[in-house]
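Throughout, protein chains are lettered first and strands after them, A, B, ... in sequence-line order, and every chain is numbered starting at 1. As a basis for the values below, the full set of heavy atoms in this structure was taken, side chains included, without hydrogen atoms, waters or symmetry mates.
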Amino acid sequence: MVCWSSTKLLNICIAALCKAQKLEKAEAVLIDGIRLGVLPDVVTYNTLIHAYCCFVSIDAGYSILNRMREAGINPNVISYNSLISGATRKCLLSKSLDLFQEMLQIGIPPDVWSYNNLMHCLFKSGKPDEANQVFKDLLHSNLSPHPASINIMINGLCKNGYTDNALMLYRNLQRHGFVPHIVTYNILIDGLCKARRLGAARRILKELGESGHKPNAITYSTVLKCCFRYRQFEQGLDILSEMRSKGYTFDGFGYCTAIGALVKTEGRLDAAFELLDEIEKEGLECDKYTHTIIIDGLCKSGNIEGAQRHLNFMNRMGFGYNMVAFNCIIDGLCKAGYIDHAMKLFKSMEIKDSVTYTSMMYHLCKAGRFRSASKLLLSCLKGGIDVLKSTRQAVLDGLHYKGFISEARKLQSKIQLARLKR
DNA sequence: GTAGGGTTAG
């Protein structure tokens, strides 16, 4: 009795450490436990398998399976499901299939989640026919499908371009008493939107309203994304205000979707800034990607000072070094004709990438400053930074055009040398 | 355990 409860304690402790990604500590606790006579059980090892699959690798998870066998504990369906779901997450189809097969061979009967994971993995790997076969196997087995099985099917069919089949399956199941969940509605709305089937998407949205389920944050960001994708800006903004008036919950993700779409598709910075205010009021967070889209939008609209101010604002907010924003500002400065200013900023940057270089070189070439561009190209070659072929060519052509033939030849040979080294 | 993504050059 004492032993049983101490194993349970051990498991709670290991589970907490695994959840915090402290795998080494979890292992240490396991070793200490064994030394004190607390025997790990199948739950202990399954917890470790799950954690290793999540944070290390499937192979690391599998080695725990071997360790548990050596300790005289037989793996169960949960051990295998953890491995298969890990493989599914990483889209390792052959591993998923092997594990499923292995499970059957050693006589562990798969449960509905084994099937679900396998279906999901097949869909993610672009094998809808095979996934459909697994679904049929599930229906013919003595197991009953979980609501998630249906969702995985509908989602997989949509993602693989079989929106009609997804809709047919949905209607068919409904006739047989299937009650869709909010997840099902969201999957269908997204799938139909992406397939440009807006009428059908609207019908599902209406059904969702009539079902008694409440649309959630995912529903809204899906619908919003769809509105902006098809340039229905006013409708998108209407949906936003409708949500506000009805007091629906909306998360930062949804706001970011809306802001990004507004700026990228039509340069609607006014509306974007309004939403940014609203995010703050709601106590939600806007991520660095969305802030960077705003900075780029400001640059593209010619408001480089505004972009600079927004970058300063990001710094004050505690966002780290934002190379992409610098790249946007450099590009904006060049396009506005302030190449020297851009060059100064370029030189001050702590970290640069191929975009920084490509952008700067392109504009130097455009301004006829081929020798400066050539210098930058040389430092790219030295630093192993990739540059677009067209930009490389522009530098070479420019040197030729200006009559710097020997410089062009030297550069050409250095480009070839760099290519050979790779 | 299944649903909504992402930033910059050319």
- Rounding to a whole Å, what distance do you find between A:Leu377:CG and B:dG10:P? 17 Å

- Return the value, rounded to whole Å, for the distance between atom CG of A:Leu388 and atom C1' of B:dT8. 12 Å

- Task: Taking side-chain hydrogen bond (donor to acceptor under 3.5 Å, both in side chains) as the test, write out the residues that go with A:Lys300, two or more places apart.
- Result: A:Asp296

- Message: Enumerate the side chain to side chain donor-acceptor pair (under 3.5 Å) contacts for residues 180-193 of chain A, please, sequence neighbours excluded, ordered by first and then second residue.
- Response: A:Asn151-A:Thr184, A:Asn186-A:Asn216, A:Asn186-A:Thr219, A:Asp190-A:Lys194

- The salt bridge (Lys or Arg N to Asp or Glu O under 4.0 Å) partners of A:Arg67 (sequence neighbours excluded) come to A:Glu27

- Task: Determine: side-chain N/O of A:Lys335 to OP1/OP2 of B:dT8, distance under 4.0 Å, yes or no.
- Result: no

- Task: Would you classify A:Asp331 as touching base, sugar-phosphate or nothing, given that sugar-phosphate means primed atoms plus P, OP1 and OP2, and contacts are heavy atoms under 4.0 Å?
- Result: sugar-phosphate

- Message: Applying salt bridge (Lys or Arg N to Asp or Glu O under 4.0 Å), can you list everything that pairs with A:Lys124, at least two apart in sequence or on another chain?
- Response: none

- Query: Quick one: is the NZ or CZ of A:Lys352 closer than 6.0 Å to the six-membered ring centre of A:Phe346, and within 45° of its axis?
  - Reply: yes

- Query: Could you state the CG-P distance from A:Leu298 to B:dT8, rounded to the nearest angstrom?
  - Reply: 14 Å

- Using atom CG of A:Asn327 as one end and atom P of B:dG10 as the other, report the distance to the nearest whole Å. 11 Å

- Task: Pick base, sugar-phosphate or nothing for A:Lys366, based on heavy-atom distances below 4.0 Å to the nucleic acid.
- Result: nothing

- Query: Where along nucleotides 1-6 of chain B does protein come under 4.0 Å, by heavy atom, of base (B) or sugar-phosphate alone (S), with - for untouched nucleotides?
  - Reply: BBBBBB

- Query: With a 4.0 Å cut-off on heavy atoms, is A:Lys352 in touch with a base, just the backbone sugar-phosphate, or nothing at all?
  - Reply: nothing

- Residues passing the side-chain hydrogen bond (donor to acceptor under 3.5 Å, both in side chains) test with A:Arg316, sequence neighbours excluded, are none

- Item | Atom-pair distance (CE on A:Met360; C1' on B:dG10), nearest Å | 15 Å

